[in-house]
Structure formats: C-alpha cells, structure tokens
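What follows is a set of notes on a single structure, which appears directly below.
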Amino acid sequence: MDLLTLRDKLDIIDAEIVELYEKRMAICSQVAEYKIQTGKKVFDRQREQEKLAKVKSLTHNEFNNHGVEELFEQIMSMSRKLQYQLLAAHGSEGKLPFIGVEDLDTHKARVVFQGAEGAYSQAAMMKYFGDKVNSFHVDTFRDAMSAIDEGSADFAVLPIENSTAGIVSEIYDLLVEFENYIVAEQVIPIEHCLLGVPGTKLEEIQTVYSHPQSLMQSARYLADHDWQQISMQNNAFAAKKVADEKDVTQAAIASEHAGKIYGLEVLKKGVNNSDTNSTRFIIITNQKIFKKDAGKISLCLELPHESGSLYRILSHFIYNNLNMTKIESRPMPDRTWEYRFFIDFEGNLSDSAVKNALRGLREEARNMKILGNY
C-alpha cells in the first residue's frame with residue numbers, strides 16, 4: 001500500500017476512536033449523576049488500577065502494553081475532570097474555608113519582621129504598610145511565625161525568594177508547619193553596600209560580616225579583596241555588630257538604610273553582582289482570608305511516590321486553563337527521597353475554574369494545603 005492509502009485507513013480508525021470516546025464520556029456523565037446522588041468520591045484509585053490491568057491484558061506485545069496503559073490513564077483522567085466539572089455545576093464543588101475581603105485591615109495593625117532595625121524585611125514592611133507602622137522585630141523566621149500564630153502580631157513580613165539566590169527554603173517549611181496564610185506580597189530591589197565605621201579605609205578592612213546569601217551575591221566584588229568573610233543571621237545584625245564594636249578592620253554588607261540607622265559610612269555602593277537583584281517578601285496572617293481582587297494562589301501538596309503522579313496532578317491546571325507560574329520541591333523530613341511540592345498559579349479562589357482544579361487536586365494528591373490567595 002502507498003502512504004496515502006495508509007493515512008486514509010488511519011483517518012477511518014481515528015474517527016471511530018473519537019466516536020467511541022464521546023460515547024464513553026456520555027456514560028461518564030451518568031456516572032457523575034450517580035455520584036452526585038450518592039455522595040460517592042470521584043477518584044477511586046483501586047478501581048482505576050484494576051481497569052488498567054484489564055486493558056493491558058488485552059494487548060499482544062510489550063510496546064502496546066505500555067501504550068495502552070498511558071492512553072487509558074489519560075482517558076480516565078479526562079473522565080474524572082468531567083465529573084468534577086459536573087459536580088461543580090450541581091453545587092457540589094465544596095466550600096473553601098477562606099473568606100474574601102475588600103481590603104486587609106491594616107489600620108492599627110501590629111507587624112513583625114525578622115532581623116534587626118535596618119533589615120531588608122523592615123524596608124519591605126515600611127513600603128507595604130507605611131513609615132508609621134506599629135512594628136517589632138524578632139531574631140528568627142520561626143519567631144515571626146509564632147508571633148502571628150499566637151496573636152502577638154497581626155501580620156508578619158518574611159522573605160521567600162530572591163531573584164539571584166533563589167527560594168528561602170525555611171519559609172516554605174514553616175508555611176507547612178504553621179496555620180498561617182499569605183495575603184499579600186512586596187518586591188523590593190536589593191542594593192548591597194559595604195559599610196564601615198566612619199573614616200574607615202578599604203585597605204584597613206580585614207573582616208566582612210553579612211548574611212550568607214548577601215556574601216554569595218557579592219562574591220565577585222569580594223574576590224578582589226583578601227578579606228575574611230563571616231556569616232551572620234541577618235545583614236542588619238552585621239551592621240549593628242560593626243557599629244557597636246567600632247573597629248575599622250571590620251565591615252558589613254547591608255543596605256544603605258541599615259548604614260543610616262547604625263551611623264555607618266557607605267564605603268562602596270552596589271557590591272552585589274546583579275543590577276537587577278530583588279527579593280520577594282510575603283505578608284502573612286493567621287486568618288483564612290483573601291482579597292477579592294487577588295490574582296495568585298500558592299499551595300503545597302504531597303504525591304504518591306510512583307511514576308506519573310506529578311504529571312497527573314499538573315493536568316488539572318492544563319484542563320482548567322490555569323497558568324502555573326512556579327513549582328518548587330522540598331524533601332519530606334520523615335520520608336526518604338519523597339518530596340512536597342509548592343505551586344504558584346494565577347487565579348482567585350472564587351473562580352469556578354480554580355474551584356474545579358482544587359477539587360481534583362484535593363482528591364488526587366495527599367495533604368494539599370492552600371497557602372494563600374494574594
């Protein structure tokens with residue numbers, strides 16, 4: 001046979017496949033109606049495994065065995081998504097425990113940030129809440145999380161991602177541990193400065209203090225000098241140390257704002273490698289609220305440690321036409337070589353497409369948690 005004849009035969013088979021697919025989906029609609037009446041869950045993993053084993057047994061070689069398995073996994077995935085959609089249309093989409101608000105109640109709010117006076121977190125806080133914000137600072141990220149968890153603060157401002165250094169992994173882990181939620185974000189540009197006691201000369205410096213990420217971001221500049229580099233918990237702590245000890249052999253890498261607070265001289269501006277360096281800070285509260293005009297959702301979930309599990313989960317974003325903007329993984333502390341995934345995507349918790357995707361994710365993933373809509 002020539003190629004055109006073979007293609008004609010494929011066209012006929014493809015038309016038959018489409019016809020059978022539509023017949024199958026029509027029956028799936030009836031299955032959804034039954035589940036609406038009985039309250040039965042859409043996702044039945046055991047039933048699907050039995051079905052896959054059965055269709056695979058009908059094939060005649062190993063290649064087709066794997067191909068049919070993949071084909072029917074997709075067919076059953078589309079069936080589930082149709083059922084989720086029909087459940088939502090019948091008002092069975094499930095209520096999310098988040099309340100939409102017009103604005104965040106920041107009037108007279110008490111805000112906590114990690115670090116000392118002069119930290120970039122303080123700069124982010126003041127940019128979001130204003131210069132007259134009622135605030136206090138704590139030593140660690142955990143302390144800040146605990147402050148809003150126990151109610152001594154209404155909001156916390158914490159760094160979650162830097163454009164050059166990547167994510168702040170501890171924040172991701174704390175978002176899982178605490179019942180606190182993201183309600184806003186603030187991005188600020190980062191310009192590291194070399195700070196010293198007034199009158200300090202570069203040739204006098206022997207030791208530089210800063211946060212490990214700031215030292216890394218300034219590596220190119222520091223490589224030109226034979227200075228000992230010592231990591232500190234926070235840039236502002238480094239500036240405070242240099243100011244308190246008044247030692248001209250010491251310098252700190254921190255913001256110009258920190259230099260003004262502690263009376264240090266800017267010896268060199270812009271020592272960080274990138275001119276476009278910026279850090280994203282998140283605003284966190286212990287209330288399950290979101291602004292009605294919010295456009296980004298963050299969540300985390302765990303997946304079965306098996307082939308294709310991430311692929312199946314991500315299909316919910318594709319089917320509901322949701323744009324996923326970020327995915328990160330963090331190792332599970334109690335399960336070796338298993339991971340928790342953190343996902344950001346565009347949408348609002350009141351959107352029907354978002355509700356449909358979240359229902360599917362909740363049924364098919366393990367321990368899904370919405371971290372916030374902001």
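We count residues from 1, following the sequence as given. Because the structure is a prediction, the values reported are computed rather than measured. Basis for what follows: all heavy atoms, side chains included, without hydrogens, waters or symmetry-related copies.
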> Are Tyr262 and His257 an aromatic pair by the rule of ring centers under 6.0 Å?
Replying inline: no
>> Can you list everything that forms a salt bridge (charged side-chain N to carboxylate O under 4.0 Å, His left out) with Glu62? Sequence neighbours excluded, please.
In response: none
> Can you name the ring pair (Phe, Tyr, Trp, His ring centres under 6.0 Å) partners of Tyr319, sequence neighbours left out?
Replying inline: none
> Phe129: what forms a ring pair (Phe, Tyr, Trp, His ring centres under 6.0 Å) with it, not counting sequence neighbours?
Replying inline: Phe155
> Listed by chain and number, what are the side chain to side chain donor-acceptor pair (under 3.5 Å) partners of Gln186, not counting sequence neighbours?
Replying inline: none
>> Taking salt bridge (charged side-chain N to carboxylate O under 4.0 Å, His left out) as the definition, give me every residue that meets it alongside Lys127, ordered by chain and number, with sequence neighbours left out.
In response: none
>> Could you work out, with ring pair (Phe, Tyr, Trp, His ring centres under 6.0 Å) as the rule, every residue matching Phe98, not counting sequence neighbours?
In response: Tyr181
>> Tell me every residue that passes side chain to side chain donor-acceptor pair (under 3.5 Å) with Asp226, counting only those two or more places apart in sequence or in another chain.
In response: none
> Is there a donor-acceptor contact under 3.5 Å linking the side chains of His211 and Tyr120?
Replying inline: no
> Who are the ring pair (Phe, Tyr, Trp, His ring centres under 6.0 Å) partners of Phe290, not counting sequence neighbours?
Replying inline: none
> Have Ser210 and Asn235 got a donor and an acceptor in their side chains that come within less than 3.5 Å?
Replying inline: yes
> Using a side-chain heavy atom cutoff under 4.5 Å and only I, L, V, M, F, W and Y, what cluster partners does Leu215 have?
Replying inline: Leu194, Leu202, Ile205, Val208, Tyr221, Leu222, Trp227, Ile253, Leu267, Val271
> Sequence neighbours excluded, which residues qualify as salt bridge (charged side-chain N to carboxylate O under 4.0 Å, His left out) partners of Lys56?
Replying inline: Glu69
> Is there a donor-acceptor contact under 3.5 Å linking the side chains of Ser79 and Gln83?
Replying inline: yes
> Which ILVMFWY residues are connected to Leu4, directly or by a chain of links, through side-chain heavy atoms under 4.5 Å apart?
Replying inline: none
>> Clusters formed by hydrophobic residues whose side-chain heavy atoms approach within less than 4.5 Å: which one holds Leu52, and what are its other members?
In response: Val55, Val68, Leu71, Phe72, Ile75, Met76
